[in-house]
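A short write-up of the structure that comes next.
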2 protein chains.
Amino acid sequence: MGRRTVTMNDVAREAGVSVMTVSNVLNDRSNVGPETRQHVLEVVDRLGYEVNLTARRLRSGRTGTVGLIVPRFDLHYYGELASLISDALAADRMHLVVEQSGASRERELSALSLARLQQYDGVLLSAVGLDMADLDRIHPDLPIVLLGEQDVPDRYHRVHMRNVPGARLATEHLITRGARRIAVLGGKLTAPRQEMATHRANGWSDALADAGLDPRPDLVIPLQDYSIAEARARITDVLAAGLEIDGVFAVTDEVAIGALAGLHDAGLRVPDDVQLVGFDNLDISAHLTPGLTTIDPDRPTMVAESLRLLRRQLEDKNAAPEHVVGTVSLVIRGSTRN
Amino acid sequence: MGRRTVTMNDVAREAGVSVMTVSNVLNDRSNVGPETRQHVLEVVDRLGYEVNLTARRLRSGRTGTVGLIVPRFDLHYYGELASLISDALAADRMHLVVEQSGASRERELSALSLARLQQYDGVLLSAVGLDMADLDRIHPDLPIVLLGEQDVPDRYHRVHMRNVPGARLATEHLITRGARRIAVLGGKLTAPRQEMATHRANGWSDALADAGLDPRPDLVIPLQDYSIAEARARITDVLAAGLEIDGVFAVTDEVAIGALAGLHDAGLRVPDDVQLVGFDNLDISAHLTPGLTTIDPDRPTMVAESLRLLRRQLEDKNAAPEHVVGTVSLVIRGSTRN
DNA sequence: TTTCGCTAGTTTATCGTTATACTTTCGACG
DNA sequence: CGTCGAAAGTATAACGATAAACTAGCGAAA
């Protein structure tokens, strides 16, 4: 109890060599003889020494840690994203830590502070709420890849999905299957700036217009936090208010799950009375009843691309920014008709 | 581009004071005059200085960061847990970072290495896979609270839920509502060591025995990773193999979601043909069709208690270990009959 | 024999903060 | 008038590692 942490100095003294030699052994540098190396490793093992990453980082910069900043831990999308990234990074002998930015403006700024971000070798930023000014503040010499929907200046490395075409695909599918009064749940036609909700509403609107249908404003049902509970409550509201619909494009699968519950509450059958399409293709979406027809953003490819951009920056600080756009595809399940 | 990061030294030089005075200003220490403080703050602002947390940590130890280690990012339970903890910590002006331990033995050891854990002021450890030997290695003077099911030595601060009574409650409810052939999906009767799956299977077994029912081994359906997909596949298997059941106690809600899908695949109606109870009371569980009857572990209280134990250790390194057990309650929804 | 280069190390100077101890100034008090 | 104490600030030495430059010893080439 209370025994002091073992430092490299302790190991050096015990092994009868200099600290530098211990460091050389542990970092597999070449200027150490085989018996010395062996001996040092034994002492390290005996004393239970482990390197102090804080000290290493202060001196050498590198830490082997990548940060992922997400708006919320409890949105399934980000959990799945984090899992994929974590697995992919492990192959590079790096590891991932995840931080949440989204609860409030204050906490978002704190999560994005240079002080915090500097602790990572690189950062994957999936913070929806930040705007240009925020981004400009974190201008530092730190490899960053932006994941998401925001329109950001070209100097940022960035990976995002094809929101508008995806939403269009979803809506066209609903139209093809016979829906005519299609609401967009979680969509926004106007907003202070372009974001996921506006892009997806635009795709919806485009598809309707192309089919000669009217993208009426009352079919656009905005949401605040895109939670299941909120989606369920809002769709219940609009149905109670007399909105007549035979199709719903939910801007995320999570929202679609809420819609499914709300439609059921209202005695409407999916897909018989109302057809439903989501966006994200979460793991759970295949296992709902009915299975959720949705847009698959090809997360594995997006993750691979993000990490490629990150590695490029790690290798070359001045790598030219790249802007990668993922592909989307339609996954048809039981929530739309044949 | 490429401009060097601003350090405290730069601020000091620019403001015409010593670094120590800058440090004193930024840490609100009392030995600085009002005009000096004002001036330093102006310079800090003008240069865009932010403290280097790595250096601060190396020197002073404290960082304001708490680590949460979870087995997987993509299990909903941990996402919800992380969200709750993150919010609760924000009130203490600390923040949370989450790491994943579970993908492989190797990665678990790496996540639990002293080197990594030392970077935090304190650690909340929800790693299911670790055993005594692993725990003994991370003996350091680091505040740790274990969350979960493992039986661990008394010297650890620990918060866990009442697994056996919870499982018993779930199973008794099924029996009360008329189920007689009740499977436990994800349960294990024997395992190398006590864990969530064995505890919950024990509660199931106890309830059956009390009711004069036979906890037959073929009613125990073990799982590997407790994913929705795996649960769905396994229940499909056992039904295809001819297992006759009229109730399922799923060891987690996530497993229950898979069970719901698998039962539906097999043409069985929930709750008419088979009743279903889960465990965890995830946010999503209220929004399934039918709503999932489940055991609520009172996560907010568990989180509050965990943080209390952590704070105690932060304040007093030698605080006596405490062992807190949460309460469970039954939440009745549509997946069981009236 | 001298010189060169290689191996196996060591020494020294940091990385950017903060803890500690120290100095200076100045007013108050006996 | 001397001293004591508080206020405001500075100087120095860490925290634990690594980068960079340096040294000692030795065999081979010139």
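Keep in mind that what you see is a predicted model, and the values were worked out from it rather than measured.
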For B/Ser30 and D/dA8, is the shortest distance between a side-chain N/O and OP1 or OP2 below 4.0 Å? no
Separation of C/dA8 C1' from A/Glu35 CD (nearest whole Å): 10 Å
Would A/Asn31 and A/Thr21 satisfy side chain to side chain contact (heavy atoms under 4.5 Å, CB included), going step by step from the backbone distance to the final call? CA-CA 8 Å; A/Asn31 46 347; A/Thr21 295; over 6 Å; no
What do you reckon, is CG of B/Asp154 surrounded by more than 12 foreign heavy atoms closer than 6.0 Å? no
Output the rounded distance in Å from CD (B/Gln38) to P (D/dG9). 13 Å
Electrostatic pair A/Arg158-A/Glu322, nearest N-O below 4.0 angstrom: no
Measure the angle between the two terminal helix axes of the helix from C/dT1-D/dA30 to C/dG30-D/dC1, five base pairs each, and quote it to 10°. 60°
Among residues at least two apart in sequence or on other chains, which ones pass side chain to side chain contact (heavy atoms under 4.5 Å, CB included) with B/Arg13? B/Asn9, B/Asp10
To the nearest 0.5 angstrom, please state how far the CG atom of A/Leu124 sits from the CG atom of A/Leu81. 8.5 Å
A/Arg37 CZ to C/dG9 C1', in whole Å, measures 12 Å
Ignoring hydrogens, what is the shortest heavy-atom contact between B/Gln100 and A/Ser86? Give both atom names and the distance. NE2-OG, 3.3 Å
Can you see if the side chain of A/Arg29 gets near the phosphate of D/dA19 - specifically, an N or O under 4.0 Å from OP1 or OP2? yes
With A/His76, which residues qualify under ring-ring contact (aromatic ring centres under 6.0 Å, His included), at least two apart? B/His76
When you compare the protein's N or O atoms with those of nucleotides 25-28 of chain C, which come within less than 3.5 Å of each other, and at what distance?
none

Could you go over nucleotides 10-17 of chain D and give all protein N or O partners under 3.5 Å, atom names and distances?
| unit_1 | atom_1 | unit_2 | atom_2 | d |
| --- | --- | --- | --- | --- |
| D/dT10 | OP2 | B/Ser18 | N | 3.1 |
| D/dT10 | OP2 | B/Ser18 | OG | 2.8 |
| D/dT10 | OP2 | B/Thr21 | OG1 | 2.5 |
| D/dA14 | N3 | B/Arg59 | NH1 | 2.8 |
| D/dC15 | O2 | B/Arg59 | N | 3.4 |
| D/dG16 | N2 | A/Ala55 | O | 3.4 |
| D/dA17 | OP1 | A/Tyr49 | OH | 2.4 |
| D/dA17 | OP1 | A/Asn52 | N | 3.1 |
| D/dA17 | OP2 | A/Met8 | N | 2.4 |

Mind checking whether B/Leu53 and B/Val51 have side chains closer than 4.5 Å, heavy atoms only? yes
Looking only at atom types and distance, does a side-chain atom of A/Ser113 sit under 3.5 Å from a main-chain N or O of A/Ser110, one as donor and one as acceptor? yes
Please list, chain by chain and in numerical order, all residues satisfying salt bridge (charged side-chain N to carboxylate O under 4.0 Å, His left out) with A/Arg62, sequence neighbours excluded. none
Here the distance between atom C1' of C/dG16 and atom CD of A/Gln119, to the nearest Å, is 13 Å
What about the rings of A/His323 and A/His160, do their centers lie closer together than 6.0 Å? yes
